[in-house]
Structures are given as structure tokens and as C-alpha cells.
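Let me begin by presenting the structure, written as C-alpha cells, before commenting on it.
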Amino acid sequence: MYQDQRPAYDPESIEKKWQRIWAEKGTFHAAYPSDKPKFFGLVEFPYPSGAGLHVGHPRSYTAMDIISRKRRMDGYNVMYPIGYDAFGLPAENYAIKNHVHPAVVTQENIKHFREQLQKLGFSFDYTREVDTTDPRYYRWTQWIFLQLLKKGLAYKAEMPINWCVSCKCGLANEEVVGGVCERCGGEVVRRVKSQWMLRITDYAQKLLDGLDTVDFIEKVKVQQRNWIGRSEGAEVDFRIAGTEDTLRVFTTRPDTLFGATYMVVSPEHPFIEKYRALIQNFAEVEAYRETAARKSDFERTEMNKDKTGVELMGLKAIDPVNGAEIPIWASDYVLMSYGTGAIMAVPGHDTRDYDFAKAFDLPIVEVIAGGDISKEAYTDVQDGVLVNSGFLDGLRVADAKRRIIDWLEEKGLGTRKINYKLRDWVFSRQRYWGEPIPVVHCPHCGVVPVPEDQLPVLLPNVENYEPTDNGESPLAKMEDWVSTVCPVCGAPARRETDTMPQWAGSSWYFLRYCDPHNDQAFASPEALGYWMNVDWYNGGMEHTTLHLLYSRFWHLFLYDIGAVPCREPYQKRTSHGMILGENGEKMSKSRGNVVNPDDCIAEIGADATRLYEMFMGAFDQAIPWSTNGARGCRRFLDRVWRLMDTVREGKGFQKALTPLMHETIKKVGEDYEAMKFNTAIAQMMTLVNEFNAVGGCTPDELRTLILLLAPVAPHICEEMWETLGFGSGLAFEPWPAYDEQAMKRSEIDIAVQVMGKVRGHIRVSPDMTDEQAQRELPGRDDVLHFIGDRTLVKLIFVPGRLCNLILK
RNA sequence: GCCGAAGUGAUGGAAUGGCAGACGUGACGGACUCAAAAUCCGUUGGUAGCGAUACCGUGCGGGUUCAAGUCCCGCCUUCGGCACCA
């Protein structure tokens, strides 16, 4: 059985063989219906770029593959699906340059991606593949949009949006990073355009509340909470002197109302236009307003340290609590898009107001004691006590807040108010390669949804994909397609020519996996009822405030209209760290440090590649690639392969190895579950080293190791399983069990410390209790010699670990 | 500025308050070989010593504890996110 002439480990042939067998047998097709408990493991589906798979993809995909494979061994009916998020700018830009239809490029790229994924041996169910650009898929993306429209959550608005000068396209707030375009790094400017918007702000509170019900890693929750940015406070009306009119502000510090010494409105605030006639220095105000408008987002961020502004001469506001007349200023440190676009300024207790007051020599009044407002604003809200504040004097901040809001509400001067930083989602894109927004503009009926039975609205073939300078989609030039009739009144009408952003298709793809071929609904209620929600979703941190938030929003909405059975789409969310180049920098073509997974597979095989990606470091941390490290993982698999030549006779585990075997079963299982793949693999390496140290392993020992290693390195394990005659196919073999009792060793070494410092080791029984230790150890020769001629004051015994001698 | 994570050998990284450096890489020495590769065995935190051994050592400074990489207080640095959000 264990002949000498075994061929060397040859990953290429083994991997091809098992990939073929898995495909032919449909090993990883998720069964439906099924009586087994289900497990739905999800990874972010790739954008099929022309560059092919990146080594970052297998990091996430292998991790969830390990979990999925282990779940099968645990007896679950597992669905581990994959698809392609294939709409998007790169394919379109490629099309512009090379005059190929984006659909053609996309299909080629998908084919290439699929081949690369298959070469890595992921246990994906390829029969459930989705492609967001397939009309049978985007039909339902459009359908969901129509439901949002029906409920008033999609609307068209004329508003200033983020415009990327280089992509010639509008962007969502989430797509502007550091004042520049997330995708191309190009300049982003404000541009007023009529845009489709989604009212994600209506779901701000639900998105926040839902986080308490799911098992997401904490930093994802924190980032989403910060992005949503809930703050509690009050809206307060300030009377404009000499009029019946009021100016409303939002504040989180109504307790400081007595300290308001001026007001500020945003330069875009309609208030300025309204009181144009009363503003004595209107020309100056208007000049300031124009300067502010010309600044791009980037400049605004850059220049945010120095306060600028102009007083609206001739206007005064009246503080509602003390009747004080205070000046009104315009400044771009106040944003039109948050709160009411106007603030009461309390320079004594707000850093920005303080800077502004210093710059323009405005009065600063202390209303909270505890700081030194001659030096800086005192913003502490814990310990402060109110002063100079009439009926609030002597109260602590928290109490003063409650008191003043009650007072304002009673007098009709203000109300409690909660604000969010989250803004509505800019949903239009003026580009070709996206889902057409399924509405028609009729001169008589206005915006008319395309009837659901006429979906999908297909993307027409155009000749030129070039975005236009006037901000219109390339589709606008397709007169044949644009002109249509109104579905309601039959009059000539025009189609919407904007398309959806790339985030649309990925906002619901996990639902389609549940029932991917359904042509009556996006998925059947039964299939959704069985599979949803996603048990475990792994993906990148970079999607926390984009895809992950958007898809939660869509799903919460679908739940509200009864289209899905559960509130939250994802039960558990984990995140992998980025793989950096060998030089420790981010991998990029321009840095020349990109590692191609194909090259790595060609050199060391798919199993070793998977193993290395899991072993290289902690899963959630960024790690530089190391070619030598990868080779070390290949060496480990070579050693595992050669274990077949060292198998010796014998049932069960060798006596000397029994505790280690059970410890390894325990640790590997637990570490996989905690995504501590690096330490799980280290433990298996230790075990293999130990096999070699004792001169070989028994069939049962090798069998166990194969099962433990199989989720990480499935091909070599299947091959060894078959070669050793354990059976055909191990994908559904039960996961090995361990026995705590069997981990006990007959004797162990524990450390002897003197005053907390390790001085030596002694051999004791692992069961030694504290009582036994106190009785037996002080008299033992190998302990006595550490005591010497000093006196033992105290002996601290930690069972199984050490004893510490306190001497005098 | 605010929020979050992290600082450990040459290097990637391990360590429920209990023997710091598991496992891997690299380096050095040895075996096998005509030789090399591959493989196997050994050594590998620093300083002193032939040596047993001693002292030092987890970003810096304090503290708690029999015992601190781990807990507390005060800093420094790096990375990620947000950023005039009232």
C-alpha cells in the first residue's frame, strides 16, 4: 500500500483533476429544497476588470471557502455563491478607447475571471452565478427602483451635486473621498443638476437601530454610525429685529443659548436673497457669496482652517432667552446642507465660533464655568455648570439642556430635533454602461414609471459611448430610443436617459442568489424564506459606507413592502485586511509591485497559494506579500504529501501524540471559526513537525490531519484521501471530534519563578492542585535549591503553568 | 481636530494577567551529493563568559500586582476613517 515509488507532489495535475470531479459531480451545488439547516456564506462579488483577478480577491474568497467547507463537514446545507458586478466605468472607458461594445468586453472579462476563480478551487455554486448586466437580472434592479418610486423614496431634484470633472459624471457623497473622485482621483466641483435621488435619509434611524441586532465587527458598526451621524438637539427660532419673521437654527447645545453673541447663515441661505433690500452692504455680501460658490470641495477642505465671512449690515437678530440684539453674518463655515443652514454662534463654547469671533473681533461670553475662555473655547459637557444664564444658572449641562428645551417648547420658540449627517443618495449617472432608469417623461403626465410588465428597459446599442460635456448621458443622443409614448396617455414622450450607479446592482444581488433563474419575481418567497438572511458576509472595509450601507437600505425597504422575510440582510459581517506589495506599499501597476495570482499558482499551486494567503498574517490586518513566505507554504504541503511514505501500522493515535492530536483538532476548529487562520495553520505545521520527529504517523493520525487541512488546501487533501483509500470525496465527511480528557499528559514541565522571574523548571503531574503544591513543592530538592538559605514566605501556584516562590 | 486600529527578533507574525518570540521566512553550521538543487538535522533577541549562568529586553515615562506585551494614568509614532455636521 505505501510503496517507495510515489510520485512527487504535483499540484497542477491534482488540482485540475479535482476541479473536474467537483464540477462533474456538482459537489458544491446548494440543494433546494432541503431538510438540513442552511448556511449562506457570502463574499463581495468581483468587478470583472480587464486586469483579471488580484491577489486580494482570494484572501476573502479563501477565508469564506474555508468556513463554507467546514460547514458542509458540520452537516449544513451550504450555499456559497459567486457572481459579477459588471456594470461600471472601466468597461465603458475601454469601449470608448477601443470601439468595442462594453457588453462584449464584459463577457470576455467574466469568462477570464471565472477561469481564474475555478483554478483556485473555491467551492462556489456556479449554477447560481449572477451578472448584473444581464437583462434578466437588471430587470429586477429596475423593478426595485420602481417600488422605491412608488413609495416616494425615489425623486428627481434640482440640486447642487458632486460633479467629477474627469469622469464627466455626478457622484454620490459616499463616492467623494477627501474632496476628490473616489474612482479616478479627479477634481470634484459643485454643479446644479436635475438628479434622481433616493431618500436614504428616511431610513437613517432604521439603519442605526439595525446595527444593534446584527453581529458585525465593531469597527464596521462604528464607521456606519459615524457616517449616519445622528445628533440630538433643538431647533430654535430667532426673531429678526423690526420684522415678524424668524430665522431658525439647529443646535446641539441649547443650554448655551445665553452665550449666543451672533448668528451665521450659510452663503447659499435663501435668507440673504429675501432680505436683499435691507442689507446695506449687499454688494459685498454678494461678492463673498460668489467666492464661496467657486470653491471646489477640495479647496473648501484645504482652506477650512481660516475663517472668512461678511456681516449682513442692517439686520439684527434677537436672542429669544434674553432679548439681546445680535449681528448676523454669512460664512462658508456654515453648510447649507446640514441642519437649517443657519447657526447661533456661541464663541465661548464652540471652537469654530471661537475662531470666527477672534478673527472678526466679536464678543465672547462665558455661560459654562470650568474653562478659561480668554484662551480657548470651553467645550466640555460633562463637568460644566451654567453661569450668566438666568434661570439656568447653577445647573449642569445635561440638566440645562432638558430644562431649556422644555422652556422653548412651552413658549413655542423651539422644538426638540434630531439631525443626521447622512444625505440622500444621488442615484443618477450620466454614463452609458449602467441600468437605464425605467421612467418616461410625458409633457402631460410628468414622470411616468414604465409599467412593470414592460421591464426590462433594455440598454440600446449606441455608436458612441463618450460622455458629453453638457452633462447628458450618451443615451440622450439616441433619438430612436429616447422618443417613445407615454404609458398613461399615449402622447409622445421621452425616456429618462440617466443610468443607475454601479451600487444599484450590488444592493440586492445576494437575494438573487437564492433563486437566480426565477423569471416571475426577483426570487420566490419560499427560497428567500429558506436561505435568508446571509449568515456570514466577508468583505472589504472600503465598502462600509458605500455598498454595505446602500444594500442594508434597499433590504430594509424591501422588508417594509413585504418583499423579503427578514429585516437585516446580513447576520454577520467580517472584514479582511489588504494585501500590500512586497515593499509594504499598496499594490498598484504604477508602483510595479502587483502580484498576479496566476503566476503564484503556476509556481507553487493553488493549494499553497490559498494556504499562504491564510497564513501570511492576521486575517483582518494589512500584510505585505512575501514570495519566500509563499514558497514556505508550498514546502509544508510537500511535507504533508510525503507523510504518506511514513505511515506506520497501528490503530488510533500513537500514545506520545494523543494529547497533541486532540489539541490540534480543537484549536484548528476554533481558530477557523474565529478567522484566526494563521494560528490554525501554525498548529498543523507543529503537528507535522512532530510526526516527523517521532518517525511517522498512523493512518488515523494522517486521516485526521487531512480532514483538518482540507478546507484550506482541498485538492491535495482529496487526492491523499483517495490514495490512502479513505473513500471517494471528503467534502461531506464529518469534522473530527476531540476529547478534552485525551489532551491530558501524564507529566508536565512547569516553570519555577523566584520573585516573579523564571529560574528553572520542574516536572509535576498536570492534576496537581494548589493544596498539593503547597504541601509537596517546598520540600522537593529541585525546588529547595532555588530557595537556598533564604526563607520561603509564600508560594503561588498556577495549576499547569508555574509556581512562584516569594523569598526573604 | 474627532473616531478607530496598531507599535514585539534581521523579517511576517504568536502569546485566557502566568515560562515573551509559537509557526513561517531569512541567516549560519552540518548530513547526503563528484558538485549543485532539493531534502533532512542543528543553531539563531541582545550583552558578558569556555561554561553552567548572570544582567537587559515587547514605542517612551510613571503606576497597580507575587507576576504586565497584556490592566491603569500620562505621552510619542504609524496606519485607516471622518472632518467647519453647529
Side-chain angles (χ1 to χ4, degrees), chain A residues 8 177-179 218-227 229-231 233 249-254 256 264 266 300-301 303-308 331-335 337-346 349-353 355-356 379 419-423 541-542 544-545 577-578 580 582 584 611-612 615-618 620-633 635-636 638-639 642 676 678-689 692-693 749-761 793-807:
Chain A
V177 176
E218 202 51 32
K219 61 178 170 178
V220 167
K221 288 190 182 186
V222 168
Q223 253 186 51
Q224 288 208 347
R225 283 195 191 108
N226 288 345
W227 188 261
R230 176 189 157 106
S231 49
V249 302
F250 172 70
T251 176
T252 55
R253 298 293 305 276
T256 61
V264 189
S266 152
R300 269 196 151 173
T301 339
M303 296 163 54
N304 71 17
K305 298 296 169 232
D306 301 321
K307 298 279 182 292
T308 60
S331 171
D332 66 0
Y333 86 90
V334 174
L335 309 174
S337 49
Y338 184 76
T340 64
I343 61 156
M344 64 173 204
V346 185
H349 307 285
D350 180 282
T351 315
R352 296 152 301 174
D353 297 345
D355 293 344
F356 191 82
T379 55
N419 263 331
Y420 301 90
K421 285 192 217 171
L422 188 69
R423 320 258 174 92
M541 280 309 290
E542 69 274 19
T544 302
T545 54
M578 222 189 334
L580 307 172
E582 200 129 11
L611 186 75
Y612 174 61
F615 180 65
M616 59 198 301
D620 57 354
Q621 257 145 49
I623 302 288
W625 183 270
S626 157
T627 304
N628 278 327
R631 289 187 187 128
C633 285
R635 276 201 279 273
F636 170 66
D638 283 326
R639 277 203 294 278
R642 284 196 301 267
K676 289 162 74 173
N678 53 336
T679 49
I681 292 164
Q683 179 72 20
M684 290 187 278
M685 288 173 167
T686 305
L687 181 65
V688 171
N689 291 345
N692 288 324
D749 285 329
I750 65 167
V752 181
Q753 294 184 340
V754 177
M755 313 297 282
K757 293 196 175 203
V758 178
R759 283 297 127 101
H761 291 88
V793 182
K794 193 175 173 189
L795 186 149
I796 292 159
F797 181 72
V798 182
R801 293 197 177 266
L802 55 79
C803 69
N804 188 7
L805 309 172
I806 313 304
L807 305 177

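Only heavy atoms go into these numbers, but all of them, side chains included; no hydrogens, no water, no symmetry mates. This one's a predicted model, so the numbers in the text were calculated from it and none came from an experiment.
- Between A/M616 and A/H761, the residue anchored closer to the 5' end of RNA chain B is A/M616, taking for each the nucleotide with the nearest heavy atom.
- Residue-level contact check: A/R423 touches the bases, meaning some heavy atom is under 4.0 Å from a base atom.
- Contact annotation: A/R642 reaches the phosphate of B/C40 (side-chain N/O to OP1 or OP2, under 4.0 Å).
- Residue-level contact check: A/T686 touches the backbone only, with heavy atoms under 4.0 Å from sugar-phosphate atoms and none from bases.
- Considering only heavy atoms from C-beta on, A/R253 stays 4.5 Å or farther from A/D350 through its side chain.
- Note: CG (A/L807) to C1' (B/A67) measures 14 Å, nearest angstrom.
- When the P atom of B/C66 is taken as reference, atom CG of A/L802 falls 15 Å away, rounded to whole Å.
- Residues A/N678 and A/M616 have side chains not in contact (no heavy-atom distance under 4.5 Å, counting atoms from C-beta outward).
- In this structure the side chain of A/M344 never reaches within 4.5 angstrom of the side chain of A/D353, judged on heavy atoms.
- Counting any heavy atom pair closer than 4.0 Å across all strands shown, A/A618 reaches sugar-phosphate atoms only and no base atom.
- In this structure B/C60 sits in a base pair with B/G74, meeting the Watson-Crick or G-U test at under 3.5 Å.
- Base-pair partner of B/A86: not found among the strands shown (Watson-Crick or G-U wobble, both distances under 3.5 Å).
- The main-chain N or O of A/L802 is never found under 3.5 Å from a side-chain atom of A/Q753 such that the two would form a donor-acceptor pair.
- Going from atom CD of A/E582 over to atom C1' of B/G12 covers 11 Å, rounded to whole Å.
- Phosphate proximity of B/G24 to A/N689: present, with a side-chain N or O under 4.0 Å from OP1 or OP2.
- Rounded to an integer number of Å, the gap from CD of A/Q753 to P of B/U65 is 17 Å.
- Checking A/G629 against A/V798, the closest nucleotide of RNA chain B that is more toward the 5' end is the one next to A/V798.
- In this structure B/G29 sits in a base pair with B/C41, meeting the Watson-Crick or G-U test at under 3.5 Å.
- Whole-Å rounding puts the A/M578 CE to B/G12 P distance at 17 Å.
- Applying the 3.5 Å distance criterion, the base of B/C82 shares no donor-acceptor pair with the side chain of A/K421.
- A/V222 comes within contact range of the sugar-phosphate backbone alone, with a heavy-atom separation under 4.0 Å but no base atom that close.
- Atom name P, nucleotides B/C75 and B/A68: the rounded distance is 24 Å, in whole Å.
- Nearest nucleotide to the A/R639 side chain, out of B/A86, B/A54, B/C40: B/C40.
- Regarding contacts with the backbone of B/G4, every side-chain N or O of A/R225 stays at 4.0 angstrom or more from both OP1 and OP2.
- Summarising the geometry, the separation between CD on A/Q621 and P on B/G4 is reported as 17 Å, rounded to the nearest angstrom.
- Residue contacts shown for A/E218 are absent, as no nucleic acid heavy atom lies under 4.0 Å away.
- Each of B/G24, B/A86, B/C19 was ranked by its minimum atom distance to the side chain of A/F615; first place goes to B/G24.
- Nucleotide B/C19 holds its P atom 14 Å from the CD1 atom of A/I796, rounded to whole Å.
- Contacts of A/N804 with the nucleic acid, taken as non-hydrogen atoms under 4.0 Å apart, include base atoms.
- When distances run from any side-chain atom of A/T679 to the nucleotides B/C19, B/A14, B/C55, the shortest one goes to B/A14.
- A sub-4.0 Å separation between OP1 or OP2 of B/C82 and a side-chain N or O of A/T545 is absent.
- Remark: side-chain polar atoms of A/S331 are paired, donor with acceptor, to backbone N or O of A/T308 under 3.5 angstrom.
- Only the C1' atoms considered, B/C71 is 16 Å distant from B/U58, to the nearest whole Å.
- In this structure, B/C79 and B/G4 make a Watson-Crick or G-U wobble pair, each of the two defining distances being under 3.5 angstrom.
- Checking the phosphate oxygens (OP1, OP2) of B/G12, no side-chain nitrogen or oxygen of A/R631 falls inside 4.0 Å.
- On the P atoms, B/A20 is 16 Å away from B/G59, given to the nearest whole Å.
- A donor-acceptor distance shorter than 3.5 angstrom exists from the side chain of A/Q224 to the backbone of A/T544, with no hydrogens or angles considered.
- Comparing B/G4, B/A22, B/C84 by their nearest atom to the side chain of A/A682 picks out B/A22.
- Regarding contacts with the backbone of B/U53, every side-chain N or O of A/K757 stays at 4.0 angstrom or more from both OP1 and OP2.
- A syn orientation is assigned to B/G9, its glycosidic angle lying within 90° of 0.
- In this entry B/U53 has B/A48 as its Watson-Crick or G-U wobble partner, both defining distances falling under 3.5 Å.
- Residue-level contact check: A/K221 touches neither bases nor backbone, having no heavy atom under 4.0 Å from any strand.
- Judged by distance alone, with hydrogens and angles left aside, the side-chain atoms of A/Y612 form no donor-acceptor pair with the main-chain N or O of A/W625 at under 3.5 Å.
- Among the atoms of the strands shown, only primed sugar atoms or phosphate atoms (P, OP1, OP2) are found under 4.0 Å from some heavy atom of A/S231.
- Note on A/N226: every side-chain N or O is 4.0 Å or more away from OP1 and OP2 of B/C82.
- Backbone-only contact: A/I623 has heavy atoms under 4.0 Å from sugar-phosphate atoms and none from a base.
- In terms of phosphate contacts, A/R635 brings a side-chain nitrogen or oxygen within less than 4.0 Å of OP1 or OP2 of B/G26.
- Residue contacts shown for A/N678 are limited to sugar-phosphate atoms, with no base heavy atom under 4.0 Å away.
- Counting non-hydrogen atoms under 4.0 angstrom, A/G632 reaches the backbone sugars and phosphates but no base.
- Put simply, NE2 on A/H349 is 23 Å from P on B/C84, counting in whole angstrom units.
- A/L805 is not listed as a side-chain neighbour of A/M755, based on a closest heavy-atom distance of 4.5 Å or more.
- In this structure, the nucleotide among B/A86, B/G4, B/G18 sitting nearest to the side chain of A/F250 is B/A86.
- Nucleotides B/A54 and B/G17, compared at atom C1', are 27 Å apart to the nearest Å.
- B/G9 is unpaired under the criterion used here, namely a Watson-Crick or G-U wobble arrangement in which both key atom distances are under 3.5 Å.
- Across the strands present, B/G18 finds its partner in B/C66; the criterion is a Watson-Crick or G-U wobble pair with both atom distances under 3.5 angstrom.
- For the pair A/K307 and A/F356, the NZ or CZ position fails the cation-pi test of under 6.0 Å to the six-membered ring centre and within 45 degrees of the ring normal.
- As judged by a 4.0 angstrom heavy-atom cut-off over every strand, A/I806 is placed among residues touching the sugar-phosphate backbone only.
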